[in-house]
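Reviewing the structure listed below.
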Amino acid sequence: MLSLRLLCLVGCFSFIQLAQATVIYSWVDEDGVKHYSQQPPAEVHSDKIYSEDIEPPQVGYLPVLPNTSYSASSSKTSDEEKNAAAIKKNDSEQAASICKNAKHSLNVLSTYQRLHRKDPTTGESIQVSEVERIAQIEKNEERIKMFCD
């Protein structure tokens, strides 16, 4: 009875080791399509990839996107800066309000990942995409630069 349990235990550990060390073969076919398989292809050069070397993608990772708003619309940015300077000069109370709202919005956008907004036409609650969230963060950072000191 004890030897049967020991045999089962050794068998389980050997299967765990087999599941962890998997070899994956990758190759590119004549059409330029990359393939992956656990079996090596016949008569085709393939690269060996070990499963333990493959890193899983980071959860919640966002790639850094190039900021094209500055280079594409430099005149638009300068117009916004002129408008901001005029508001700060003529109505400091409004400028302070814009600054306060931008700081609050930036705090919310930076703190929470799953945000919702109302669709202006239907009134439905729609989840804000990560691209929209990043764009809003940049917009509020720009407002803070323009209206807060």
Side-chain angles (χ1 to χ4, degrees), residues 9 11-149:
L9 186 63
C12 288
F13 281 122
S14 65
F15 284 122
I16 289 173
Q17 291 298 324
L18 287 175
Q20 289 180 352
T22 303
V23 176
I24 300 170
Y25 297 91
S26 70
W27 70 95
V28 178
D29 66 7
E30 60 274 355
D31 295 329
V33 178
K34 192 163 192 171
H35 298 274
Y36 297 95
S37 174
Q38 290 181 342
Q39 304 296 325
E43 300 177 9
V44 176
H45 172 71
S46 61
D47 297 324
K48 280 186 181 181
I49 303 170
Y50 295 97
S51 62
E52 55 209 20
D53 295 336
I54 299 172
E55 292 184 25
Q58 297 177 356
V59 176
Y61 171 74
L62 290 174
V64 177
L65 301 174
N67 190 353
T68 58
S69 63
Y70 294 113
S71 61
S73 61
S74 60
S75 63
K76 179 183 171 189
T77 304
S78 63
D79 289 341
E80 289 176 358
E81 289 174 352
K82 288 177 185 176
N83 291 339
I87 289 173
K88 283 174 70 172
K89 181 180 177 183
N90 297 331
D91 194 356
S92 61
E93 194 174 300
Q94 182 183 5
S97 174
I98 293 172
C99 174
K100 180 181 173 184
N101 290 337
K103 285 181 178 180
H104 175 72
S105 295
L106 182 63
N107 184 26
V108 170
L109 289 164
S110 300
T111 304
Y112 300 104
Q113 298 292 322
R114 294 185 179 180
L115 298 170
H116 291 82
R117 63 177 171 82
K118 282 191 178 182
D119 187 358
T121 56
T122 63
E124 291 181 17
S125 179
I126 301 173
Q127 186 169 355
V128 176
S129 70
E130 197 60 32
V131 174
E132 290 175 315
R133 190 177 77 84
I134 291 172
Q136 288 296 320
I137 287 174
E138 290 175 359
K139 183 178 178 182
N140 282 299
E141 286 174 344
E142 188 67 28
R143 283 184 178 170
I144 289 172
K145 286 179 189 175
M146 290 190 289
F147 290 103
C148 303
D149 296 324

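This one's a predicted model, so the numbers in the text were calculated from it and none came from an experiment.
- Distance check: Glu130 CD to Ile137 CD1 gives 7.5 Å after rounding to the nearest 0.5 Å.
- Look at Lys139 and Glu142 and you find no salt bridge, because none of the NZ, NE, NH1 or NH2 atoms lies under 4.0 Å from a carboxylate O.
- At distances below 3.5 Å, not a single donor-acceptor pair connects side-chain atoms of Asp31 with backbone N or O atoms of Val33.
- The stretch residues 103-149 participates, sequence neighbours left out, in these disulfide bond (SG atoms under 2.5 Å apart) pairs: Cys99-Cys148.
- Pairs of residues two or more places apart, or lying in two chains, never qualify as disulfide bond (SG atoms under 2.5 Å apart) while including a residue from residues 100-145.
- Applying the side-chain hydrogen bond (donor to acceptor under 3.5 Å, both in side chains) test to residues at least two apart or on different chains, the pairs with a partner in residues 98-108 are Asn107-Thr111.
- Under a 3.5 Å cut-off, the side chain of Asn140 and the backbone N or O of Gln136 do form a donor-acceptor pair.
- The minimum heavy-atom distance linking His35 with Asp29 is given by the pair NE2-OD2, 2.9 Å.
- Residues Arg133 and Gln113 form a side-chain contact, since some pair of their non-hydrogen atoms from C-beta on lies under 4.5 Å apart.
- Identified under the salt bridge (Lys or Arg N to Asp or Glu O under 4.0 Å) test for residues 117-128, with sequence neighbours left out: Arg117-Glu132.
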Distance-only check: which donor-acceptor pairs under 3.5 Å involve side-chain atoms of residues 36-49, not counting sequence neighbours?
from, atom 1, to, atom 2, distance (Å)
Ser37, OG, Gln39, N, 3.0
Ser37, OG, Gln39, O, 3.1
His45, NE2, Asp47, OD1, 3.4

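- Rounding to the nearest 0.5 angstrom, the gap separating the CG atom in Leu106 from the CZ atom in Arg143 is 11.5 Å.
- Taking every heavy atom of both residues into account, Arg114 and Gln127 meet most closely at CG-NE2, 3.8 Å.
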